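Since the structure comes first, as structure tokens, the remarks are kept for the end.
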Amino acid sequence: MPAKIVVISGPDQGKETWIEDDVARIGRGTNCTILLSDKRLPDHVATLEFRDGHFNLYSRMEDEVVLGGKKLPPRGFDRWASGKDLVLPGQNVLRLETERDPRPAKKPRQSSAAAVPELEVPMEEAPAYEEDEEPVKKIAPDVAAKKRSKQMTQILLILLCALGGVYLFFLEEDPGAGPVQSPGAEFSYLVGTMYEKKADDPRYQDLRETLQVARTAELRSDTRTALKTYGILRDTLVFRVKTSREPLEKKDRELLEQTLKFVTVRLRTATDDAAAE
């Protein structure tokens, strides 16, 4: 509750009005924010303004009023401090109350849940859960974000471990050629290098993902998909290495050329497999 006007005495005693705007009118008029019902008061009693962290009261009365124990002359103005009273004709007394930041603010809507008092449930009457059932818990946004981040980290670790497993599994695919010449080992090296050194480059990201699709199709004996994907990769790599005017650093060129060589060999193998079918 930033600020409100409370009627201490008078016909509207007990009425509270939340201050939502920097400028508010007090009186009986329909255009007043802080409405009073005493017919002895004019339509516009005073104007309340919030400025520089405090409230100022500008009287529109033709008579004196009392603000904070001091007389305020007709159409005079003064600061209205929190907890002080404004005494108007007819014993209408208004008090300004503020809490924490006094700046005007929209009054928060009271939810229906908040309006209904909660019933206390004795411990022995608390709902029981089955052994395999857990109560539903509400997770705060920041806690949920940390949980998602932790889950993503775990997924990444699992993928890296799987990648290492693929490397070891295919290491012996071609024992005579050595680990570097093995298709599985070379594939793991290329994908790992693109991920480690070019993770933020979308061009290498697309290249890496397409290479993984092609290799997976090949291992699953999906020759049609392997041929199509390896063919797309070859055309893309030929363009980047031999046709494109894009300046390439030495390490980038070596990586692309090595990938092109790998893709060309795998495409030839997939073509032979398709012919054998």
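Everything quoted here is computed from the prediction, not taken from an experiment. For the single chain, residues carry numbers from 1 onward in sequence order.
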Path from Leu207 to Val213 over hydrophobic side-chain contacts below 4.5 Å: no
Contacts table for residues 48-56: side-chain donor-acceptor under 3.5 angstrom, sequence neighbours left out:
from, atom 1, to, atom 2, distance (Å)
Glu49, OE1, Arg51, NH2, 3.4
Glu49, OE1, Tyr58, OH, 3.0
Glu49, OE2, Arg51, NE, 3.4
Glu49, OE2, Arg51, NH2, 2.8
His54, ND1, Asp52, O, 3.4
His54, NE2, Arg79, NE, 3.4
His54, NE2, Arg79, NH2, 3.3

Heavy atoms only: give me the nearest Arg215-Phe187 pair and the separation to one decimal. CB-CE1, 3.5 Å
Flag the pair Pro183 / Glu218 as yes when at least one side-chain heavy-atom distance between them is below 4.5 Å, and no otherwise. no
Under a single-linkage definition using a 4.5 Å side-chain heavy-atom cutoff for Ile, Leu, Val, Met, Phe, Trp and Tyr, are Trp80 and Phe77 assigned to the same hydrophobic cluster? no
Min side-chain heavy-atom separation Asp12-Leu35 under 4.5 Å: no
Does Asp101 come within less than 4.0 Å of Arg103, counting only side-chain N to carboxylate O? yes
Which atoms form the tightest heavy-atom contact between Ile8 and Gln13, and what is the distance? O-CG, 3.1 Å
Does some side-chain heavy atom of Val263 sit less than 4.5 Å from a side-chain heavy atom of Lys261? no
Taking atom NZ of Lys228 as the centre, does the number of heavy atoms from other residues, nucleotides or ligands within less than 6.0 Å exceed 12? no
Check the hydrophobic clustering (I, L, V, M, F, W, Y; side-chain heavy atoms under 4.5 Å; chains of links allowed) and say if Leu41 and Val66 are grouped together. no
Specify the closest pair of heavy atoms between Thr223 and Ala270, including all atoms of both residues, with the distance to one decimal. CG2-O, 3.4 Å
